[in-house]
Amino acid sequence: MSDTSNINGKELYNAIVSGICKVISRHEYLNKINVFPVPDGDTGTNLLFTLKPILDIKDSISESVSDTLSKISNVAIDSARGNSGTIMAQYFIGMSEQASSDQNLNNANLNELLEAAYEAAKGSMSDPKEGTIITVMRDIAEEAKKHINSDDMKKTFKAIYKVSIESLNNTPELMQLLKDSGVVDAGAQGFVDLIEGICHYLEHGEILNSESIEMHYADDVDADVNIENYDESTYQFCTECIVEGDGISRRDMKETLNEMGDSFILAGTKNKVKIHIHTDTPNKVFDICSEFGKIKNQKADDMHQQVSSSHNSQSDIAIVTDSGCDIQYDTHNSNIHIVPVRYSFGSKEYIDKVSQTSDEFYNELTNNPVHPKTSQPPTGDFISKYENLSTHYKSIISIHIPGKLSGTLQSAKNAVKRMENHNITHIDSFSASVGLGLIVKRASELASEINNHDEMVRKIESLIKNTEIFLTVNDISYAIKGGRVPKYKGTIAKLLKMHPILSTDKEGKLKAASALFGAKKLHQKFAQFILKKLDKNHHYHISIGHSNAEDGGHEIVDIIENNFKNIISIDLVEMGSALGVHSGPNSFIAGIQKEIDE
């Protein structure tokens, strides 16, 4: 930079990009030191997803500072993830609103922009805590005041950077949890990294990249971060969404949502709001948000499982699946990581097994004249899951519903194309629902015993070959509405009072396996059908799924247990939306997995 007294929009953008590159290079380190508000090891990943899309708007950047900050803030609010990411997005919004007519950045207006950014970020939080990113934001704003009369922006940013480091290093003195854990605040560290990258560009005129920075991976950090004094969050789900509308009352929204959980952040403008909250009822949060405008980008991550994955994993290999997997497992003590599929009734979108309870889903399926449509998880959801898990595991095995039935497997594969240096294997289960659940559950158990990735893949392929599913449909009209069964075939089935039994073939395609006749005691007939599929010379893991028909499910379990002795385990689970949209309520599915000694 030849002129050190003023920074134009393009120069500011390049400086911020330099800072973002620094943050991205450190994201695994930031994950590792993440202990507040929840030690779920995702601060770095959340900042990466919040900031990285800003790199894609280079061609639209002008020399106007106000225009540049407006475009950066618009992107950041759309991509914001997690506590630190949402606060960072609001920080940019505060700067943008203050710089409404600024063509250049200088020491005269820098103080005003940083003060407005700090106030906006603080105002977005329901309960700001000292010793976090907000503390560093305040301290650098106060430092900027001292340089109002200076004409050298480089010196000002050097001074700001120095103060940010001092403020960061003091965060453990302001929060006992950080001190006990032996770390600084991860969000604050990410913010200081951003400032460092900005200073680098202003000093050298170049953007930090992979060739000019020191890369920090998780192995560079002491893995024994002490979280013994951490009080587990009262709430389970880190819940987020974006609300779009005209004249959104942020005050009313904040008052309405404030009692729904903690770590509540409301960022954005009167036309677009980003919600972040820790809660036990994401579905209620989404319902409330929908009253203020159109919601999108819903997310609800299980923080308790993330904490367990970050600090208590007994395996080097993470097992990932999708919510088309119907499974019974301990979400707080398991190496099973689920990426939810989506479904929608008309224009209203839901996250499978999060936005609605099973009863609510099947009630709406029965009463809503609009038949729901399912869709695979966005590729970004898989990238986020893989990035976070790669910080805590050496490799990942991702097992999914058949590629012939859904685009989920392809979405997972597409995620890897946009990632680097990750050991991820994708496997088509050629199964679904409880069959996929049996495969995933056993894979998770094996992962605690086997740390060889290739051997695990071979074991899972063997599990797939020895797992079958059988689905009986109570009312075929749902399969007709969903396009799985031609209308004329459905008419014939209804006339004959026939209930088809479906399975999957070797390629994962649905096929007819048999049929049951008569409207009464369907579950009992289905139990007898399953018994005929069990070989007395073998032992089995069995899982029974029901679609809002728990009593019938229990009776199926009882019949099988009372008439077949070689059962290693038998579970009863609810059938999720991935299959439920086609089977309808009061249907049943069985997964049987033959135990093979190898």
Side-chain angles (χ1 to χ4, degrees), residues 40 42 45-46 49 81-82 236-242 275 277-287 289 295-306 309 318-329 331-332 334-345 348-362 364-365 372-389 396 398-402 405-415 426 429 432-434 436-437 440-441 444 545 547 573-582:
D40 48 0
D42 65 356
T45 300
N46 287 335
F49 277 94
R81 296 286 296 263
Q236 182 173 355
F237 294 100
C238 176
T239 302
E240 297 178 357
C241 68
I242 289 176
I275 297 296
I277 189 169
H278 294 172
T279 182
D280 285 330
T281 54
N283 54 325
K284 292 182 180 179
V285 171
F286 296 144
D287 284 344
C289 289
I295 64 173
K296 67 177 187 179
N297 295 5
Q298 298 126 291
K299 178 183 79 73
D301 291 335
D302 188 330
M303 296 182 295
H304 293 171
Q305 186 182 38
Q306 287 180 328
S309 297
I319 304 298
V320 173
T321 188
D322 55 79
S323 63
C325 169
D326 295 323
I327 186 172
Q328 184 180 86
Y329 74 110
T331 58
H332 297 170
S334 172
N335 179 25
I336 298 172
H337 309 273
I338 297 178
V339 179
V341 301
R342 310 297 174 95
Y343 63 89
S344 59
F345 286 91
K348 190 168 184 179
E349 185 181 70
Y350 297 92
I351 304 174
D352 187 26
K353 300 178 181 175
V354 173
S355 299
Q356 290 183 312
T357 65
S358 178
D359 286 348
E360 289 170 340
F361 166 71
Y362 284 108
E364 184 158 3
L365 181 65
K373 296 184 182 297
T374 58
S375 60
Q376 68 263 26
T379 296
D381 286 5
F382 281 108
I383 295 175
S384 179
K385 182 69 71 176
Y386 293 155
E387 288 279 6
N388 181 257
L389 292 175
I396 297 169
S398 205
I399 315 168
H400 299 285
I401 51 180
L405 299 180
S406 168
T408 298
L409 180 63
Q410 189 58 51
S411 182
K413 290 180 177 180
N414 288 342
H426 293 96
S429 71
S433 184
V434 292
L436 176 55
V440 167
K441 187 175 183 179
S444 176
S547 53
V573 301
E574 294 177 334
M575 192 190 308
S577 70
L579 199 57
V581 296
H582 305 298

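Residues satisfying the side chain to side chain contact (heavy atoms under 4.5 Å, CB included) criterion with Lys296, sequence neighbours excluded, are Asp78, Ile242, Glu244. For Gln376, there are no side chain to side chain donor-acceptor pair (under 3.5 Å) partners two or more places apart in sequence or in a different chain. Under the side chain to side chain donor-acceptor pair (under 3.5 Å) criterion, Asp322 pairs with His400, sequence neighbours left out. Shown here are the salt bridge (charged side-chain N to carboxylate O under 4.0 Å, His left out) partners of Asp326, two or more places apart in sequence or in another chain: Lys353. In this view, Glu364 and Phe345, Tyr350, Gln356, Asn368 satisfy the side chain to side chain contact (heavy atoms under 4.5 Å, CB included) rule, not counting sequence neighbours. For Lys348, the salt bridge (charged side-chain N to carboxylate O under 4.0 Å, His left out) partners two or more places apart in sequence, or in a different chain, are Asp287. Taking the side chain to side chain donor-acceptor pair (under 3.5 Å) definition, one finds that Thr379 meets it with Ser411, sequence neighbours left out. With sequence neighbours excluded, the residues that form a side chain to side chain contact (heavy atoms under 4.5 Å, CB included) with Asn283 are Thr281, Glu360. For Lys385, there are no salt bridge (charged side-chain N to carboxylate O under 4.0 Å, His left out) partners at least two apart in sequence or on another chain. Under the rule for a salt bridge (charged side-chain N to carboxylate O under 4.0 Å, His left out), Glu574 has no partner lying at least two apart in sequence or in another chain. Among residues two or more places apart in sequence or in another chain, the ring pair (Phe, Tyr, Trp, His ring centres under 6.0 Å) test is passed with Tyr386 by Phe382, His426. With sequence neighbours left out, Asp301 forms a side chain to side chain donor-acceptor pair (under 3.5 Å) with Lys299.
To the nearest 0.5 Å, atom OG1 of residue Thr374 and atom OH of residue Tyr343 are 11.0 Å apart.
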